Number of protein chains: 2
Amino acid sequence: MDRSAGSPRVTAALEALRASGERVTPARQAVLRVIDAADGSDEHLSAEQISERVTRLEPSVHRATVYRTLTALTDAGVLSHVHLGGSATVYHLVAHPRERAREASPAAYGLGDGHPHAHGHLHVQCSICGRVQDAPPDVLDEAGRQLREALGFDLDTTHAALLGRCSDCAGAAGR
Amino acid sequence: MDRSAGSPRVTAALEALRASGERVTPARQAVLRVIDAADGSDEHLSAEQISERVTRLEPSVHRATVYRTLTALTDAGVLSHVHLGGSATVYHLVAHPRERAREASPAAYGLGDGHPHAHGHLHVQCSICGRVQDAPPDVLDEAGRQLREALGFDLDTTHAALLGRCSDCAGAAGR
DNA sequence: CTGCCTGCAAAGGATTTGCACTCAT
DNA sequence: ATGAGTGCAAATCCTTTGCAGGCAG
């Protein structure tokens, strides 16, 4: 009805969703709308925050649906999530919806996410103020190289945020 | 009574604890014992797992006490924890008990932990099997440098684990 | 002794799930 | 119409907290 909202990314995501065989519902549209808006303003929302905003946008959508939707959209490869150290998991649109999710490897440990090599961007989080910022994707290149050599470990640079202190907090509180 | 258990690290930790003005109780000893044993076998235990083993070792110790103990021991600088992406937080003994905790900066965001520059070791976690391994501490040196230059971000390399796939899983399941 | 630490139980917050119903296709 | 998706509520999981009693120092 109102695909006027204006974000080409949301539209693309909806198409990708439909292509994945998933249905396009108001709840899903609202979730995508909210995440897209946050992406635009460089915010990184947790499931709870998304649920909150979705409710504001579409009061009938239940919290549980948001959780289920986030999972569904992630499985469909439309969304991607990043684990923040110590706090929640945040979601954002995948840059190239074209990148379909692989058959989710069940991952015995419960950490599975079907995005072996998601090429999203890198995140760093301030442990003082909690702010999450994006970082140049090549920052971990060297680390990845070393880990591969030393341990044969294949580093996934986009799936977890690095912790530290942002410029503001490091300057202020930090010593 | 039985400090015979045999781990010099536990003994050292207990001393450091006492030096911190904290009391040495059976519950705390059991917690330290459990963590030390895990450290020895390169395991990384979550609060829940620790609680489980402590109960096995000292049935009277309550789960809540373990949580409180972990917090107390961390504040005392005897323990250190690492946030694993997506799953729990794991604890281990601090290498140099000498390194006392700073006055815990309350950290508005709830991520605070009073260990600005803990110089523990680096952890990497396999997102497939969940295994956590230690990595050379200098792996993130370059990344830290770049982040500081690019964003003025002060990277804390020891507080969160890096995600990826361990050699076993990368070779097997991985592509 | 005295107050820190503990056990117990109940509260909390976040995420999941069973079930019947609705709506996108 | 038909079953994927949804709303609701209850169930889990993990962690924290209030309180009264117990033990370390």
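Being a predicted model, the structure only gives us computed values, none of them experimental. Labels below follow one simple rule: chain letters A, B, ... track the order of the sequence lines, proteins then strands, and each chain is numbered from 1.
- Using a 4.0 Å cut-off between charged side-chain N and carboxylate O, B:Asp156 and A:Arg165 make no salt bridge.
- Of all the heavy atoms in B:Gln49 and B:His44, the pair that sits closest is OE1-O, 3.7 Å.
- Here B:Thr71 pairs with nothing under the side-chain hydrogen bond (donor to acceptor under 3.5 Å, both in side chains) rule; sequence neighbours left out.
- For the pair A:Glu48 and A:Arg53, the salt-bridge criterion is not met [side-chain N within less than 4.0 Å of a carboxylate O].
- When side chains are defined from C-beta on, A:His62 does not count as touching A:Val66, because their heavy atoms never get closer than 4.5 Å.
- Looking at heavy atoms from C-beta onward, A:Thr74 lies in side-chain contact with A:Tyr91 at the 4.5 angstrom threshold.
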- Message: Run B:His81 and B:His92 through ring-ring contact (aromatic ring centres under 6.0 Å, His included) and show every step you take.
- Response: CA-CA 6 Å; B:His81 59 264; B:His92 57 65; 9.1 Å; no
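- Here D:dG22 presents its P atom at 18 Å from CD of B:Glu58, a figure rounded to the nearest Å.
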Show each protein N/O and nucleotides 1-3 of chain D N/O combination with a separation under 3.5 Å, one pair to a line.
from  : atom 1 : to      : atom 2 : distance (Å)
D:dG3 : N2     : A:Arg23 : NH1    : 2.9

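- Rounded to a whole Å, the CD atom of A:Glu48 is 18 Å from the P atom of D:dC14.
- Here the shortest heavy-atom pairing between A:Leu147 and B:Ala135 reads CD2-CB, 3.8 Å.
- Proximity of A:Thr25 to the phosphate of D:dT6: a side-chain N or O atom is located under 4.0 Å from OP1 or OP2.
- Taking the nucleotide of DNA chain D with the nearest heavy atom to each of B:Glu22 and B:Ala47, the more 5' of the two is matched to B:Ala47.
- Look at A:Arg18 and A:Glu15 and you find no salt bridge, because none of the NZ, NE, NH1 or NH2 atoms lies under 4.0 Å from a carboxylate O.
- Between the side chain of A:Ser51 and the backbone N or O of A:Ala47 there is no donor-acceptor pair closer than 3.5 Å.
- For B:Glu52, the salt bridge (charged side-chain N to carboxylate O under 4.0 Å, His left out) criterion is met by B:Arg56, not counting sequence neighbours.
- Between the CG atom of A:Asp75 and the C1' atom of D:dA4 there is a distance of 14 Å, given to the nearest Å.
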Expected rows: protein N/O vs nucleotides 16-18 of chain D N/O, under 3.5 Å:
from   : atom 1 : to      : atom 2 : distance (Å)
D:dG18 : O6     : B:Arg68 : NH1    : 3.2

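- Counting 5' to 3', DNA chain C first comes under 4.0 angstrom of a heavy atom of chain A and last does so at the ends given by C:dA14 to C:dT25.
- In the hydrophobic clustering of this structure, B:Val82 does not group with B:Tyr67; members are Ile, Leu, Val, Met, Phe, Trp, Tyr whose side-chain heavy atoms approach within less than 4.5 Å, directly or through other members.
- Looking at A:Arg28 and A:Glu22, a side-chain N of the basic residue comes within less than 4.0 Å of a carboxylate O on the acidic one, giving a salt bridge.
- Axis angle, first five pairs versus last five pairs of the helix from C:dC1-D:dG25 to C:dT25-D:dA1: 30°, rounded to 10°.
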